[in-house]
Amino acid sequence: MPTRRQALKTLAVATLATSAFAKFTPAIAADAPAATAPTGPYKLPPLPYAYDALEPSIDAETMHLHHDKHHAAYVKKLNEALAKEPSFTPPANVDDLVAHLDQVPESIRTAVRNQGGGHANHSLFWLTLQPNERQSATSYSPSLLKAIGDDLGGLDKLKATMTEEGGKVFGSGWVWLVLDGGKHLTVMTTANQDSPLTEGHYPLFGIDVWEHAYYLKYHNVRADYLAAIWNVINWDFVSQRYAAAMKA
Ligand code: MN
């Protein structure tokens, strides 16, 4: 019987490497134009929709700053950190990098944890959101809905739990819906840009609760942002990601 750690590693690597994942994320294909001129191995993926697509839940100015400045900075600083250790060859997928921080040279490990985590977390974040007008077409897969019911008490309870846990994050961080090593759904939070992958959990989606994610529109009222973001969660994508992870 594989150990929990082996199982998690297999889950993470297999899921992220599947063609199924690539199929659902055409906007970040390898040949997609980068929004910045990278100096290292990682690139800023373009937003998979217009900057104003998430209005009014998330405003266009926030999306510009969040993607073009904050996410871009994580990518730039990640590449700069990796350039200091040229003997270390990072994996092609940043998720594999943050899933195995122990393999990163110690001299750059903290930088990779922060900047690599920022790149991984935001790359997933954009994909798990979708324009308001698509919400009416959203379909939760029966298997994901069943798991949410079995493991977390149902969709309303999931939203309430994530909203509450996200509200309690002190300072900067994320609240996540993850698959744990036993392939059960769990809500967890991480500080700063730490990734659930580093702890062996597979993120289905996360809500960024850094102030930069909401301050322009919602000011200091994180609760209003946490209430509004449910209008733009891409449940089709989350369902597909769940199905791919359960198959892996
Ligand atoms: Mn952010």
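Just so it is clear, the structure is predicted and the values come from calculations on it, not from any experiment. Whatever order the structure lists ligands and atoms in, that order sets their numbers, starting from 1.
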Taking the six-membered ring where the residue is Trp, are the ring centres of Tyr51 and His64 under 6.0 Å apart? yes
Under a 3.5 Å threshold, yes or no: a donor from one side chain and an acceptor from the other, between Ser172 and Glu211? no
Before giving the answer on salt bridge (Lys or Arg N to Asp or Glu O under 4.0 Å), spell out for Glu165 and Lys168 the whole-Å C-alpha distance, their side-chain angles and the decisive distance to 0.1 Å. CA-CA 5 Å; Glu165 293 299 314; Lys168 288 196 296 196; 3.2 Å; yes
Within a distance under 2.8 Å of the Mn ion (ligand 1), the protein atoms of type N, O or S are His66 NE2, His122 NE2, Asp208 OD2, His212 NE2
With a 3.5 Å cut-off and no angle check, do the side chains of His122 and His70 form a donor-acceptor pair? no
Which pairs, with at least one residue in residues 176-196 and sequence neighbours excluded, count as a ring pair (Phe, Tyr, Trp, His ring centres under 6.0 Å)? Trp174-Trp176
Is there a donor in the side chain of Trp230 and an acceptor in the side chain of Ser57, or the other way round, less than 3.5 Å apart? no
